[in-house]
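A quick write-up on the structure given underneath.
In each ligand, atom 1 is the first atom listed, and ligand 1 is the first ligand listed. We count residues from 1, following the sequence as given.
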Amino acid sequence: MEKSPLALAQIFEPIRADLEQVDREFARHVQSQVDLIPKIGQYIQTSGGKRVRPAVLLMAARLSGYRGDRAVLYAAVVEFIHTATLVHDDIIDESELRRGRLAVHSRWGNDITVLLGDYLYIKSMAMALTHDAIDIVRLLCDVTLKMIEGELYQLTKNGDADITEEEHFDIIRRKTAYLFGGCAQIGGVLGKVSSEQEQALREYGFNLGIAFQIVDDLLDFTGDAQSVGKPLASDLREGKVTLPLIHLLRQSNDGTASAIVREVIASRAATDDQWADLLAGLKQHASIDYAFRRAEEYAERAKKPLYAFPPSAERDALLALPDYVLSRDR
Ligand code: IPE
Ligand code: IPE
Ligand code: MG
Ligand code: MG
């Protein structure tokens, strides 16, 4: 019998105390005399994010033999960066909900949210600079810039039903995979592992990130809105043509799917009939399966480099994460 994937809480059990510490760091660094900052900071912090990026960093640090307290700081830094991304991303995508609640801009408006995002970005770098590890700060800047490039490149492709699979992968590598890769690599840097092992960790996180984003995009078709924390079909309404649709548009040649996709993008809304027709097309052409297989491929690619490390409970925890990513519903 196949083993069923572990739940996130089980995988994170060995680092639970560290993750709690990350949350305290998060809260500490949104303290300010300007009340809005701790107020919104707390709103975000308690909204139920999965903390996958800090967890990857903490687990990679452990695997690398690091036992000091700097891992918690950098884990808080990457959660700050991720959070800044999300609050800005929801303005750009005009997403009203995030994690099942009002997105920050829906509650406080765009002006405040832009500044709050800026605050989180700069704060993250200030936090990273509290230690003399310029190599880590450089790495954080690199992956954050990649992420912004990904968001910008995605915007230039917004509403483009002719986007190619390669262009789409270019977007998801930048907007998601580099940061995941950076998280794992920082763990290795802290543990002062060999450069081969550091690259192995980076490779792990990078491929995990691609699988993570493909599944995120799949959940927009197959998920449960309650679990996902926002309405389904959001991506297409926002003008984002993701992997299942790219596959469908490539496979179907009678023009029906293409016409629906273009109509939904143009009207920024999908009727129940349009959505049902698209889902039927995705089924007919096995497009969901295709995207899922691509995610599986990257999840497998994530695991391989970890064998550059000897067997350990830490390695097992990191190996369990790609399977979780494939099975996640939120
Ligand atoms: C959402 O990331 C953005 C993507 C890269 C898909 P998460 O799914 O990690 O968001 P939270 O922090 O758990 O809400
Ligand atoms: C979130 O991307 C931001 C980044 C990954 C940089 P998406 O727009 O794809 O994620 P959701 O669907 O809003 O969480
Ligand atoms: Mg978005
Ligand atoms: Mg999404």
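Below 4.0 Å from some heavy atom of Glu151 lie the following atoms of ligand 2, by number and element: 3 (C), 4 (C), 6 (C). In the vicinity of Asp216, heavy-atom distances shorter than 4.0 Å reach the ligand 1 atoms 6 (C). Of all the atoms in ligand 1, the ones that sit under 4.0 Å from a non-hydrogen atom of Arg99 are 11 (P), 12 (O), 14 (O). In the vicinity of Lys240, heavy-atom distances shorter than 4.0 Å reach the ligand 2 atoms 7 (P), 8 (O), 9 (O). Taking a cut-off of under 4.0 Å to the non-hydrogen atoms of Gln213, the atoms of ligand 1 that pass are 4 (C), 5 (C), 6 (C). Set against the non-hydrogen atoms of Lys230, the atoms of ligand 2 under 4.0 Å away are 11 (P), 12 (O), 13 (O), 14 (O). Numbered from 1 in the order shown, with element, the atoms of ligand 2 that lie under 4.0 Å from a heavy atom of Thr176 read 5 (C). Atoms of ligand 2 found under 4.0 Å from any heavy atom of Met147, numbered from 1 in the order shown, are 6 (C). Heavy-atom proximity to Lys175, at under 4.0 Å, picks out these atoms of ligand 2: 2 (O), 4 (C), 5 (C), 6 (C), 7 (P), 9 (O). Per-residue contacts place Thr85 under 4.0 angstrom from the following atoms of ligand 2 (heavy atoms of the residue considered): 3 (C), 4 (C), 6 (C). Every atom of ligand 1 is numbered from 1 in the order shown, and the set under 4.0 Å from a heavy atom of Gly49 is 11 (P), 12 (O), 13 (O), 14 (O).
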Assess the residue pair Leu179 and Thr176 against the criterion (side-chain contact (heavy atoms from CB on, under 4.5 Å)); give the C-alpha distance rounded to whole Å, side-chain angles, the decisive distance to 0.1 Å, and a yes or no.
CA-CA 6 Å; Leu179 179 57; Thr176 308; over 6 Å; no

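Distances from ligand 2 to the non-hydrogen atoms of Gln154 include no value under 4.0 Å. Using a 4.0 angstrom heavy-atom cutoff, Glu238 does not count as in contact with ligand 2.
Between Tyr298 and Phe169, the ring center distance clears the sub-6.0 Å criterion. Here the two rings, on Phe180 and Phe206, have centers that are 6.0 Å apart or farther.
Using a cutoff of 4.0 Å between basic side-chain nitrogens and carboxylate oxygens, Lys146 and Asp142 are not scored as salt-bridged.
Among the backbone and side-chain atoms of Asp235, none of the N, O or S atoms lies under 2.8 Å from the Mg ion (ligand 3). Glu238 lies apart from the Mg ion (ligand 3) in this respect, since none of its N, O or S atoms is found at a distance under 2.8 Å.
Counting heavy atoms closer than 4.0 Å to ligand 2, residue Asp220 contributes nothing at all.
In this structure, Arg315 contributes its side chain and Phe309 its backbone to a donor-acceptor pair below 3.5 Å. Side chain of His105 to main chain of Ser95: a donor-acceptor pair is present (N/O by atom type, distance under 3.5 Å, no hydrogens or angles).
Summarising the contacts of atom 10 (O) of ligand 1 with Arg328, His82, Glu79, Arg98, the nearest heavy atom is found in His82.
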